[in-house]
Amino acid sequence: MEKKEQSFEESLLQLEGIVRKLEGGDIPLDEAIARYTDAMHLSKVCSEKLKNAEEAINKIVKEDGSIEEFENIEE
């Protein structure tokens, strides 16, 4: 059975839980190192998901079905 990929929200909640636990300071050093490693992995996963979402949002589908990059126009 294949493990389904966590959603962004699930990953973020897990990351927040790890951060709270680490900030509490009540865990042994070995466990803190393991949780820190998990947190760094989750941070990378969340960052990649945000980047992919931003790239998808920045594409506009034209009437003919072609995709055009959205230009950020600042005034």
Problem set entry | Atom pair CG/NZ of L42 and K44 - distance to nearest 0.5 Å | 12.0 Å
For this session: Give a yes or no answer on whether the side chain of E10 reaches the backbone of S7 with a donor-acceptor pair at less than 3.5 Å.
Result: yes
For this session: Enter the distance from H41:NE2 to L15:CG here, rounded to the nearest 0.5 Å.
Result: 11.0 Å
For this session: Identify the two heavy atoms, one from K49 and one from Q6, that lie closest to each other, and give their separation to 0.1 Å.
Result: NZ-O, 2.6 Å
Exercise. Do F8 and L13 share a hydrophobic cluster, counting only Ile, Leu, Val, Met, Phe, Trp and Tyr and linking them when any side-chain heavy atoms are less than 4.5 Å apart?
Worked result: no
Problem set entry | T37 side-chain N/O to I33 backbone N/O, donor-acceptor pair under 3.5 Å | yes
Exercise. Can you list the residues that meet the side-chain contact (heavy atoms from CB on, under 4.5 Å) rule with E55, with sequence neighbours excluded?
Worked result: K51, N52
Exercise. Looking at OG of S43 and CG of D38, how far apart are the two atoms once the value is rounded to the nearest 0.5 Å?
Worked result: 12.5 Å
Exercise. For atom OH of Y36, is the number of surrounding heavy atoms from other residues, nucleotides or ligands below 6.0 Å larger than 12?
Worked result: no
Exercise. Where is the tightest heavy-atom contact between I18 and R35, given as atom of each residue plus distance?
Worked result: CG2-O, 3.4 Å
Seminar exercise, completed: d(S11 OG, E5 CD) to nearest 0.5 Å is 7.5 Å
